[in-house]
Amino acid sequence: AGEIEVGVLFSQTGGLSIVEKSLADATLMAIDEINATGGVNGMMIKPIVEDGASDPKTYNEKASKLVIRDRVPTVFGSYTSASRKAVLPVFEKRNSMYFYPTYYEGFECSKNVVYTGAVPNQQLSNFIPWIINTLGKKKFFIVGSNYIYPREMAKVSKILIEQNGGEYVADEYLELGHSEWGAMVSKIKDSGCDVVLSNVVGDSVVAFYREFKNQGLTHDVLPICATVTSEIEIAAMGADFAVGSYTSFPYFQAIDTPENKAFIERYRAFVGDPKAVTHHALESSYFQVFLWKQAVEKAGEATPDAIREGIKGQTFDAPNGKVTVDPDNLHTYLTPRIAQWGADGQGTIVEAYPEPVRPMPYVAYGETPDNLFCTAQGLDSSKL
Amino acid sequence: MSEILFIGLSLSSILLLIALGLSITYGAMGVINMAHGELVMIGAYTAVLSGIYLNLNLFFALPLAFVVSALVGLGLEKLVIRRLYGRIIDTLLATWGVAIILQQLIRLEFGLSFFGIHIEGLGPGLQNMDVPAFLTQPFEIAGIPIQPYRSFIIVVTLLLTLLTWFLMYRTSIGTQVRAIMRNPQIAAACGIDVRRVSAFTFAYGSGLAGIAGVLLAGFKTVMPDMGASTVVDGFLVVVVGGVGSLLGTVLASALLGQINGVFAILTNDILARAVVFGVVIAIILWRPRGLFAFKSR
Amino acid sequence: MAAALTIDGLEVDFGGFKAVDGMTTVIDEGELRVVLGPNGAGKTTLMDLVSGKTPSTAGEVRLFGKEITNWPEHQIARAGVGRKFQIPSVFRDLTVRDNLNVAVSHEPRVFRNLRLGMAAADRSRIDEVIALTGLEPVLDTIAGDLSHGQMQWLELGMLITQQARVILLDEPTAGMTQAETAKTADIILRLKGAHTILVVEHDMAFVRKIAERVTVMHMGKLLAEGPMARIEQDPAVREAYLGSGGVH
Amino acid sequence: MTRTKLFKYGDWGIYILFIVIVLGLPLVMTDVFWLNRIAKYLVYGMLGIAIALSWGYAGILNLGQGLFFGLGAYMVAMSLKLQSYTSLQQGSDTPVPDFMLWNAEPGAPTELCCITSGSWLWLPFQAQWFGMVMAIVLPVILALVLSSAIFRLRVSGVYVAIITLALVLLVRLLIIDAQPITNGFNGLTDLGWLTIGGFEFDPYLVSTYYIVAVSICVVLLATRWLVSTRAGLILQSTRDDPNRSRYLGYDVAAYQVFFFTVSAGIAGFAGMLYVIAAEFASPSFLDITFSISMVVWAAVGGRSSLIGAAIGAILINTIEATASETEMFREAWKLIIGVIFVAVVLYMPRGLAGLARDAVGLFAQTRDSGKTRTARSGAPAE
Amino acid sequence: MLSLSNVDSFYGRSQALHDMTVTAPKGEILAILGRNGVGKTTLLRTILGLTDRSEGVISLDGEEISARPTHERARAGIAYVPQGRMIIPDFTIRDNILMGGFAAGGPRRIPDIVPELFPYLMDNLDRPGGVLSGGQQQQLAIARALACKPAVLLMDEPTEGIQPNIVEQIEEIIIRLNRELGLTILLVEQNVTFARRAAGSFVMVEHGTAVETGRIDLLSDDMVAKHMAI
Ligand SMILES: Nc1ncnc2c1ncn2[C@@H]1O[C@H](COP(=O)(O)OP(=O)(O)OP(=O)(O)O)[C@@H](O)[C@H]1O
Ligand SMILES: Nc1ncnc2c1ncn2[C@@H]1O[C@H](COP(=O)(O)OP(=O)(O)OP(=O)(O)O)[C@@H](O)[C@H]1O
Ligand SMILES: [Mg+2]
Ligand SMILES: [Mg+2]
């Protein structure tokens, strides 16, 4: 018997708590479920929950508390890249494992982080060809919040657009968290594009879609195809404003499997909100705990090094389907899907990959499945 | 061209909407109310909740939000601000604390979430307000496309500005407010009920924030910290215009809004923001008391 | 005797209104000059112009032959002009002693002042001033807690500490009892000779006590100048200022 | 003993006590995590000192102190980034920060000089000392230019606060936008450790703690000396009545510029130490909330007391940390902090330092009440 | 009749009035005398409730007003001409005068007596108060107080900083206000000669307390020497 302590580090306060609280809840729910079925190797998981307070400084401090003082072998946590970057030195230099559930821009290869969210190739490699070939839209206006993820997504998109015979009209950025879209939407209107690729994040998304409609643009003529707009933002903006637009993610609440339905039920019961929505990062927050459990069980002990070895190649039947941790780069195989949003605030899956896609965090730098930059020994810089 | 002007105008109107209340509470009362953004937020939540529970639309939410924010402002004045008149920096610090408290109260659903009670429409998540369909459908007049929601904001802002101007410069209560703003002791010695008038003024300024909240809720997410980012812009406008000058506030928001709009169209939004900050700094250096400041000997 | 302060055709225009309008007068070194004039005649404004608070629009100010027109305030002060305001102006959050310490100002630059303590000579000068003004009992009081009258004394004391060669005093006895006024007159008389002093006052009893030459201003202009006795008899002055005549 | 003397000795007593505790802490605290955490809070304490210096003594409220802190942090972080293992791993002779690669145009040369436009700005930072020197020099130069403009043009009071506020927003925007050379929103992470004479200052070593601890003690004593000098006294006079100071012959702007700049230099220094202790620099250092928080810390400790402001900063952060790590307060801790801020402003306007002074004053009053009474209401005696 | 009995008054923690007892008879001028800093201004401010805190009983025509807020005392008929005048700089002369009307109640207007007393003000009604000279501001402050339609007028050194011929006028005005309009006036004054001429009674203040009071003819030169000399 006994206990294994793990860290759960999300923002409980501040602006990011909007999303991060749900990630924390999903993590805690997974822990509850594991404990209810006998724990890990007969040991109960004891979560130590800390508040990142939506501030990288706090994130850094709490991470070092968890790793150095509480000596947890693993921390599940964080949503933004900025907070992940702030905690990274702690995990790398103090050798502990970090499980990161969010889709992100790639370009990371750390032996101390397990990434269970999508990387650009898992969101874009089917999306762009589908837009061009199936939707028949060719002229892209790429818009995003001004930080790394949207800029990297734009970079990958441009390559894919070119490869598939489309053209891109412009890429423009708005300050993160800003919600004045008047000028931008007017530019989109005048640009002559026929599709908008949106990498806008956070609450700016809502203002964007609303302004889009207010200026008389409609998704049947000029659809927004998004990489970040999830069930949360759709619910927040009012589904009307998004009807007909598209998003690419490996997970949607609308995935029509008994496993997912049950998952949603359990989650709603867990947070006590019958209307609670689930989304990609939330689902990853959930299943990554199970991957971790399997890794500990395989390794037989819960030290960081054992977990790192144990996690390689782990597979789990997640609500979105089969997920597997790539033994080479500790990122996760996920199944890209595209959904079109309906008036009920749910997506209809209009396209899905037949099987999970290999994660390639360096795809924008020319990484291909045959030529992986990230290896089990870390980044192979000679390939850059 | 007219489109650029319209974008600038709508940016200006939103700046003015937020700055109007501040221009009263700061300009007339010397209170730097960092919780002004939270009063905006409360106005927005009023719209959300009145939509959910009372089925009221935007138009009814406006007066309701005015009343709710004004009442919260009144409470704030009685509990905190009242003890801080004349200590301008202290008002900034104390209301900073108040802002944190108000945000957190909404997030924790007034603390009920500790007991597992959930109020729909509150909490840390994102909320929204429904906008009547005719306000989101653009139409054309004489070939010029009109965006009804933006136009609606511009009109409401204009009306509020006129109302405020009338109250401040054409009524006895306005004279009393301005007298208190210069010298509360002598105002009292002249028979003005300083406490009541101050409380009224603060409540009025807060009420304006509430209205701003409803209008913002029409195109922004409603969430606990939605107001925090607006308040700084509001202060920049009030200060650039000249503290205590309603006209200055109006012109400063017009100027900054247009600059923002023009640069956003010609270059990009980021640069436009940077230019606005640069202009603010330059104006204060050029006119250390703002564009329209009263000069004493 | 050399001219300490020469005011030559000085003028200031406040948007069409000339508060000082072609004012000319010469004050000799060591002289004690009283400036009289109705309320609003421009006396305070004249001091503002001399001390650099308000930039003039025409004319010249010379201090010991050197032109100082429209210099920055601190440089004029450095050149030797000290000033007392109509509304007492002292450092309200500092103690009386620290007010005087600040006033010892022979070294204006920041870096030269990065040192603790002060020279013995300065300390003894401060002690003299304390004795002269009778501020001894309130030395450790915060200046803002002083009464109106006490502040006037302190401000006067600061000017002496400052060692200004030309001292401008704007209504130094305002709000004092007759006895206190008398003592202030004594202080001023004792400063005469060592300092050149320009006093604005309405209290005629006080003026009679200290005045030699008197300048009368009216509507920004020089109305009359001369020895006290003659000025008092001047019909124009009686009309504008002294007598029982109209307001303006 | 008179009141003044009592204050003076009490004051020095607190300084000595503070220094002894700060320097002696590692003897009793063996938890490296807490030691590192306290080191960070001592850095915040330095920010408190910087605020008290400009706000309390000069009456200049700087709502953009985070600008100088942030610049200091970025300067040293640039040097440490180039020392990072990964920077040497990018397949070039000179170290190149990893993020520059994915921000570069494909095919750009992987050399620091020219990988992205502006990356050459990083070249001198290959020397660690350069980053460390610049961490102080850059804030100082910027503060010098900025404050010269502000104070020569006689901007004062709240207007200074607004200018600094707008400037910190502006610079933050630019840093985020200049992603190819700053890594934008994510900031500079994955840094090497400060290395002096071959010794690596792991942030969790006692020696690293001592770098910070000694620094704050030196800063505290130096600023204390500064405000006790004649220049410090003159500065306080300019706060009370700048015109009076001018007519005494002081160039008020020069004093304001000097102390504003010193305060900025301290903030830059603090930024540098923070990076050494926390191993990252982020544009969030330039968030308005952070800059305002610093002012609140100083207010809690006592805005016109250097040591008070330092203690305020340390105390508030310790309370925040402990409250947020207590199960019961995990979600409510911010509420508590908010209430503390409001309560302090309302009921302790002069902060902890004011409280301490009142206590000492009360003690002195009971000892010689007669004396103080006459000093207050006394007219010149006959 | 305005009377104070055993009044203590405080600025923050420092006490400025100690056990002050004094009565201003109705329709008379009470001269308040004393050296600098003894608490004369504080006495007037305490009557209006403008110090931080005060204890003891203040009553106006037998009615206790000590617990009332300042504006109610003003509305009860006490008007104030403060030391330093306290003109609102960006209000016009007209608005400055009309401010007094808030205490008078009813429509606010410039009292009839003002044009007669202060022609300069009437000629410049639209200039901002802030640019006036000291003497002009003093006139304005009196006009404002008159607009309160007061029964009791508190005047704090009204002739301080005023040119001699206007001093004469103000002195005449004070006497007229008292004799013709029947105003009770509490007059802080340094000019003993004028005090003797105008006042009916006096109070000598020292260390925040009344050390001598009585009819004005009891004010001896000895007393003046004792309490007002340096
Ligand atoms: N900044 C200004 N703008 C406009 N008018 C001004 C300004 N400063 C002064 N004045 C006007 O200039 C005139 C002279 O004022 P000043 O204060 O110099 O008079 P004074 O002689 O000192 O009077 P007093 O004896 O009452 O102090 C007044 O009528 C005043 O209104
Ligand atoms: N705002 C204040 N705060 C603290 N103490 C004050 C304040 N105003 C006055 N005092 C103190 O109260 C005492 C009485 O001051 P007051 O102004 O009433 O004197 P005064 O008799 O009117 O003098 P003057 O003739 O100089 O006007 C003084 O010792 C002064 O230090
Ligand atoms: Mg004058
Ligand atoms: Mg007085």
Side-chain angles (χ1 to χ4, degrees), chain A residues 11-22 54 143 145-146 170-187 189-190 202-218 232-241 271-277, chain B residues 3-4 6-11 14-15 100 103-104 107-108 113 116-118 120 123-131 133 135-140 145-150 216 218-226 228-230 233 257 260-266 268-270 272-274:
Chain A
S11 297
Q12 307 281 339
T13 58
L16 293 171
S17 64
I18 293 159
V19 178
E20 296 197 23
K21 254 176 114 73
S22 70
S54 310
V143 27
S145 305
N146 189 27
D171 60 332
E172 293 255 1
Y173 301 90
L174 197 72
E175 201 181 333
L176 196 68
H178 217 58
S179 44
E180 184 45 76
W181 286 95
M184 185 81 85
V185 172
S186 148
K187 273 188 198 168
K189 221 156 83 176
D190 298 340
D203 54 304
S204 305
V205 174
V206 174
F208 177 42
Y209 282 65
R210 285 207 164 196
E211 180 71 23
F212 201 75
K213 181 168 182 193
N214 284 346
Q215 291 206 20
L217 299 174
T218 53
I232 294 195
E233 286 86 8
I234 299 293
M237 73 180 72
D240 284 355
F241 291 88
V271 297
D273 176 1
K275 287 186 183 167
V277 295
Chain B
E3 198 176 354
I4 298 187
F6 182 80
I7 287 173
L9 192 63
S10 65
L11 287 170
I14 288 157
L15 281 178
I100 296 177
Q103 274 188 33
Q104 214 50 24
R107 215 170 256 137
L108 300 174
S113 73
I117 302 171
H118 180 73
E120 194 189 342
L126 305 171
Q127 309 291 339
N128 70 69
M129 179 192 74
D130 282 333
V131 178
L135 280 181
T136 59
Q137 281 311 321
F139 55 89
E140 286 196 3
I146 305 286
Q147 290 176 43
Y149 194 72
R150 296 268 182 182
L216 288 188
F219 66 91
K220 275 184 77 146
T221 334
V222 179
M223 57 181 182
D225 54 351
M226 68 180 287
S229 56
T230 62
D233 286 356
N260 194 343
V262 168
F263 275 88
I265 292 285
L266 295 184
N268 63 58
D269 278 288
I270 311 277
R273 287 273 293 166

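The sequence lines fix the lettering, A, B, ..., with proteins before strands; numbering per chain opens at 1.
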**OP:** Would you mind telling me which of A:V19, A:D240, A:V205, A:L174 has the largest number of heavy-atom pairs within less than 4.5 Å of chain B?
**Re:** A:L174

**OP:** Go through the atoms of A:E211 and report whether side chain, backbone, both or neither lie under 4.5 Å from a heavy atom of chain B.
**Re:** side chain

Subject >> chain B contact via A:D190 - which portion, at a heavy-atom distance below 4.5 Å >> reply: side chain

Original post:
Given that the side chain runs from C-beta out, which part of A:N214 has a heavy atom under 4.5 Å from chain B: side chain, backbone, both or neither?
Top reply: both

Original post:
Which bit of A:M237 comes within less than 4.5 Å of chain B, counting heavy atoms only: side chain, backbone, both or neither?
Top reply: backbone

**OP:** Please flag which part of B:N128 lies under 4.5 Å from any non-hydrogen atom of chain A: side chain, backbone, both or neither.
**Re:** both

**OP:** Keeping the roles fixed (side chain from B:D269, backbone from A:Y173), state whether a donor-acceptor pair exists under 3.5 Å.
**Re:** no

**OP:** Enter the distance from B:I270:CD1 to A:L176:CG here, rounded to the nearest 0.5 Å.
**Re:** 9.5 Å

Subject >> Interchain contact, B:I14 with chain A, by part (heavy-atom threshold 4.5 Å) >> reply: side chain

Original post:
When you measure from the side chain of A:R210 to the backbone N and O of B:G218, does any donor-acceptor pair fall under 3.5 Å?
Top reply: yes

Original post:
Which bit of B:I265 is near chain A, if near means a heavy-atom gap under 4.5 Å: side chain, backbone, both or neither?
Top reply: both

**OP:** Report the option among B:M223, B:R107, B:Q127, B:M226 that has the most heavy-atom pairs separated by less than 4.5 Å from atoms of chain A.
**Re:** B:R107

**OP:** Tell me, for A:E180 versus chain B, whether the close heavy atoms (under 4.5 Å) come from the side chain, the backbone, both or neither.
**Re:** both

Original post:
What part of B:F219 gets closer than 4.5 Å to chain A, counting heavy atoms only: side chain, backbone, both or neither?
Top reply: both

Original post:
Rounded to the nearest 0.5 Å, what separation is found between the OG1 atom of B:T221 and the CD1 atom of A:I232?
Top reply: 11.5 Å

Original post:
Got a second to check how far B:I7's CD1 is from A:Q215's CD, nearest 0.5 Å?
Top reply: 6.0 Å

Original post:
Which bit of B:Q104 is near chain A, if near means a heavy-atom gap under 4.5 Å: side chain, backbone, both or neither?
Top reply: side chain

Original post:
Where do B:K220 and A:S179 come nearest, in terms of heavy atoms and distance?
Top reply: CE-OG, 3.1 Å

Subject >> Selection from A:G272, A:G182, A:S204 maximising heavy-atom pairs under 4.5 Å formed with chain B >> reply: A:G182

Subject >> Inter-residue atom distance A:K187.NZ - B:L266.CG, 0.5 Å rounding >> reply: 8.5 Å

Subject >> Segment of A:Y209 engaging chain B (4.5 angstrom heavy-atom cut-off) >> reply: neither

**OP:** Please state whether the side chain, the backbone, both or neither of A:K213 comes within less than 4.5 Å of a heavy atom of chain B.
**Re:** both

**OP:** Can you see which heavy atom on B:L126 is nearest to which on A:A236, and at what distance?
**Re:** CB-CB, 3.1 Å

Subject >> Contact class of B:M129 relative to chain A, heavy atoms under 4.5 angstrom >> reply: backbone

